[in-house]
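Quantities reported herein were computed from a predicted structural model and do not represent experimental measurements. By convention in this document, chain letters (A, B, ...) are assigned in the order of the sequence lines, proteins followed by strands, and residues within each chain are numbered from 1.
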Amino acid sequence: MSSSEQRKAFPFSDFEPRWQAEWESANAFHTPNPGDPDFDASKPKYFVLDMFPYPSGQGLHVGHPEGYTATDIIGRFKKMSGFNVLHPMGWDAFGLPAEQYAIKTGQHPRTTTEKNIEGFRGQLKRLGFAYDWAREVNTTDPGYFKWTQWIFLKLYHSYVNEVGKARPIAELEAQGLSRAEIDARRLAYVSEAPVNWCPELGTVLANEEVVDGKSEVGGFPVERRPMRQWMLRITAFAQRLIDELDGLDWPESIKLLQRNWIGRSEGAHVTFGVADGEDTITVFTTRPDTLFGATYMVLSPEHPLVPKLTTEAQREAVEVYQKSVASKSDLERTELAKEKSGVPTGAFAINPVNEEKIPIWIADYVLMGYGTGAIMAVPGHDERDFEFAQKFELPIKQVVQPPEGKDWQGFTDDGVAVHSGFLDGLATPEAKAKITTWLEEKGLGKGTVNFKLRDWLFSRQRYWGEPFPIVWEDGEHRGIPETELPLLPPTLEDFKPTGTPEPPLSKATDWVQYSETAKRELNTMPQWAGSCWYYLRYCDAQNSERFVGEAAEKYWMGGGKPGGVDLYVGGTEHAVLHLLYARFWHKVLFDLGYVSTPEPFQRLVNQGLIMGEDGQKMSKSRGNVVNPDDVVSEYGADSLRLYEMFMGPLEQSKPWSMKGVEGVYRFLARVWRLVMEVDEEGRWSISTALKDVEIDKPLNKVLHETIKKCGEDIEKLSFNTGISQMMVCTNAFTQSEVRPVTGVLTFLRVLSPFAPHLAEELNAQIRTAFPALVPEGFVSDLTWPVFDPAALVEDEIEVVFQVNGKLRDKARVPAKASKEEIEKIALASAKVQEFMEGKPARKVIVVPGKLVNVVV
RNA sequence: GCGCGAGUGGCGGAAUUGGUAUACGCGCAAGAUUAAGGAUCUUGUGCCGCAAGGCUUGGGGGUUCGAGUCCCCCCUCGCGCACCA
């Protein structure tokens, strides 16, 4: 043994790899599917899922094992509690970062991806997670992305019907709709619209991937430019994506984030005629009741009607303004948002409700991407319009009377309609209803629901992604037959971005040519594609006939009370990206009859961020990054697992502390020494304190409290408090001269989901000394111990005595003592009497088993 | 600006329905053991005070026999959205 080995408080580096190998060779965490010979259909299912990692070249960081340990503990616990547990792992390996890493290291992304996956898999295996590796998925594997492409074809060949359900396009064909009409309704469609183009990344990005006008990946500037792109019609599901959040056991904050992102608002479309012409302008407003207060209109500078409406006198000013807006990036546009700007077009519109002529302006505070790209401005009751009207001295009219005492100028809440003709005297909600009906009767408008959510820009101009199963011929697109899947990307030596919007796949001239007259689509899918459905693939990862077998899907996703994934753990960063996209795809698959539930993830838990020791976010530049491998080699995998769970509540962000790691390491060493003792030469052998005797009452009480609390805490994911209870239990055993073997064995079962290697090793060590007491097999195959409520009952309990709410004395009283008896004992207490100062008790409150409060 | 969440010892953090605030761990101190210990074990450890006692859950008010927990006002920090009509 080397000197560094001797310094170890217990030989984890010896037994941890040994048990990992034993589990692997015994296939200990194999999870059978319905139909498999070893499948037990009588057991309930539990599907516990992690957000699968992107296998970066950096390897695992300490944030990964946080969520993975949490799910591993609950998975192992559920297995011991009689569930069939599905707890898989895989790789989200397509996408920009993988490609950039490959370019940087001068290798093919296929090579780097495989290497990185190998590294990640090895690291995870060294942490002893109970995954069924036979279910491993890899989004870049043709056997996997075949089905990603297949789902895309389903989207392409589907539309949303009148009641909001996805249905096959064949239905529209049967109705005799034209090609153009059908294309306009596909869930995957081609659009020529301004998109987020990032020159630095050489690709377009989804709205969700652009943060403050910069790319989420890398932070590069993003510009708007019109390009022909594939879109997914997620907006058709906007309402369902909001409504169906209600039944989910998710953090309210995440639900709120999604609701806000989808951004539903109720209002009306109102159509204004343009003075001296045939044109009309439709606006969206949430406050149709303020129509009488509209004193001007504003169009977005990009609004298509602007050139037509602009008068000769204003043309130059308008064009200058349009140019200045266009030259600004989104970032600049928001930065400069403080000061309102705009120019009049010279044209006028007619307010339909009172025939007033109001000027039409353009201003960049009106966005082309929201509503109709045009607004009616009601400066009296809208902050932005108010600011604009003040700056350009436009009239401000009151049409809402605020409640008593408030200034009407800029009042935006509900009130009572005034100066509004037939609406006068109506409260805002009634006024909204009345004007909407009036508009509808006159054909001037319509009640409408508007969403902030935009359709999902689904194509990228990069190499490392799923090619679209689409070909083009005579300017028309069509899906390739399913039999041609998977469509592999071409093998390209030079896969770098072209520097233009032309995708790199264009360089593969042979591949591009689908037939003499047809060419392949050159774009690839975004990274999110593969992660939209990977949880389904886990249910039946090897299936080559179907994206997931029907029986497997029904059991793992359909079984249980609400169905779906029973627990999904991951970071908040996916609140509106992955979690929204995956819900969308799942709903389509549900409507088409391929999956059993409308929602994929029943219960969601977000783990908090792990900060550096300095309380700052971990980053290489700050030099505060903790490498899990170092922790494992110095303290062992069990210590890392346990520390990550002991740091604090899972959901909370918390700083790392090496001292804290040592703390749990010492705890595990104490557990080790419950069973093992060391001789002069440093050799370990079974402890002589370990005896096959009956456990005494106080020790048994702690043990059963531990069984109870740990079971409850695992269900609640309160691992930190569960661990503290195990520490209490261990301290009690340590302090006992004799350690009853059966009690220690029971404790090891409770410990095993948290520290599986140590539990397994000590269980086996005890088996050598007490063969009759330890069954063959792994601890993980044992059942979770049942706690005995009788063991928790005590004969005497401590009751505290208060005088006027202040603690003055304590006493042990028989557990069965009546209220009257306890009160008597309390009033007899010298301390209590002292603080009563001879005054009579006005009132005595007795809480049995807890306290007595004497009020004087 | 709007929305959400959180403020408890020197530090990470515990506290059923309102019922002993500070569990557990870290750190610190003393002792035991030891050739030695960055090992282990034992004991102590919220603050002020010699003590009796008093004070204490971001600050202020309130409800209550009793408030970290419930209600009102304010402050600080974190996260999200950010001209969404």
Hey, do the aromatic rings of A:Phe719 and A:Phe646 have their centres closer than 6.0 Å? no
Under 4.0 angstrom between A:Lys843 side-chain N/O and B:rC65 OP1 or OP2: yes
Residues in salt bridge (Lys or Arg N to Asp or Glu O under 4.0 Å) contact with A:Glu662, at least two apart in sequence or another chain: none
With sequence neighbours excluded, what pairs up with A:Asp638 under the salt bridge (Lys or Arg N to Asp or Glu O under 4.0 Å) test? none
For B:rG9, does the O4'-C1'-N9-C4 (purine) or O4'-C1'-N1-C2 (pyrimidine) torsion place it in syn, i.e. within 90° of 0, or in anti? syn
Does anything in residues 849-856 of chain A come within less than 4.0 Å of RNA chain B? Heavy atoms only, and list the residues if so. A:Lys850, A:Leu851, A:Asn853, A:Val855
Please identify each residue that fulfils salt bridge (Lys or Arg N to Asp or Glu O under 4.0 Å) with A:Glu66, with sequence neighbours left out. A:Lys654
Nearest-Å distance, NZ (A:Lys806) to P (B:rG66)? 11 Å
Solution key, residues 605-616 of chain A side-chain donor-acceptor pairs under 3.5 Å, sequence neighbours excluded:
from: A:Asn606; atom 1: ND2; to: A:Gly570; atom 2: O; distance (Å): 3.1
from: A:Asn606; atom 1: ND2; to: A:Gly571; atom 2: O; distance (Å): 3.3
from: A:Gln607; atom 1: NE2; to: A:Gly63; atom 2: O; distance (Å): 3.3
from: A:Glu613; atom 1: OE2; to: A:Met658; atom 2: N; distance (Å): 2.9
from: A:Asp614; atom 1: OD1; to: A:Gln616; atom 2: N; distance (Å): 3.0
from: A:Asp614; atom 1: OD1; to: A:Asn624; atom 2: ND2; distance (Å): 3.0
from: A:Asp614; atom 1: OD2; to: A:Asn624; atom 2: ND2; distance (Å): 3.3

Close N or O pairs between protein and nucleotides 3-10 of chain B (under 3.5 Å):
none

Separation of atom NE2 in A:His381 from atom P in B:rC83, rounded to whole Å: 23 Å
Within the pair A:Arg673 and B:rA39, is there a side-chain N or O less than 4.0 Å away from OP1 or OP2? no
Within this structure, what is the CG-NZ distance for the pair A:Leu851 and A:Lys810, rounded to the nearest 0.5 Å? 12.0 Å
Give me the distance, rounded to whole Å, that separates B:rC48 from B:rG13 when you measure between the C1' atoms they each carry. 25 Å
Taking the P atom of each, how far is B:rG38 from B:rG31, in whole Å? 15 Å
side-chain hydrogen bond (donor to acceptor under 3.5 Å, both in side chains) against A:Asn731, all qualifying residues, sequence neighbours excluded: A:Arg670
For residues A:Tyr665 and A:Phe10, establish whether the separation of their ring centroids is below 6.0 Å. yes
Residue pairs passing the side-chain hydrogen bond (donor to acceptor under 3.5 Å, both in side chains) test where at least one lies in residues 715-730 of chain A, sequence neighbours excluded: A:Lys78-A:Glu715, A:Thr706-A:Gln725, A:Asp713-A:Thr721
When the P atoms of B:rU20 and B:rG27 are compared, how many Å lie between them, rounded to an integer? 30 Å
RNA chain B stem ranges, 3 or more consecutive Watson-Crick or G-U pairs under 3.5 angstrom: B:1-7 with B:75-81, B:10-12 with B:24-26, B:27-32 with B:40-45, B:46-48 with B:53-55, B:58-62 with B:70-74
With sugar-phosphate meaning primed atoms plus P, OP1 and OP2, does A:Gln735 contact a base, only sugar-phosphate, or nothing at under 4.0 Å between heavy atoms? sugar-phosphate
Give a yes-or-no answer on whether the side chains of A:Thr282 and A:Thr372 include a donor-acceptor pair shorter than 3.5 Å. no
Among all residues two or more places apart in sequence or in another chain, which pass the salt bridge (Lys or Arg N to Asp or Glu O under 4.0 Å) test with A:Asp249? A:Arg603
Distances for protein N/O vs nucleotides 51-53 of chain B N/O pairs under 3.5 angstrom?
from: B:rG53; atom 1: OP1; to: A:Lys831; atom 2: NZ; distance (Å): 3.4

Is it the case that the ring center of A:Trp656 lies less than 6.0 angstrom away from the ring center of A:Tyr643? yes
Return the polar atom pairs (N/O with N/O) between nucleotides 21-25 of chain B and the protein under 3.5 Å, or none.
from: B:rG25; atom 1: OP1; to: A:Asn731; atom 2: ND2; distance (Å): 3.3

Any side-chain donor paired with an acceptor under 3.5 Å for A:Tyr321 and A:Ser341? yes
Can a salt bridge be assigned to the pair A:Glu634 and A:Lys8 using a cut-off of 4.0 Å between side-chain N and carboxylate O? no
Can you see whether A:Phe733 has A:Arg739 sitting over its ring - NZ or CZ less than 6.0 Å from the centre and within 45° of the normal? no
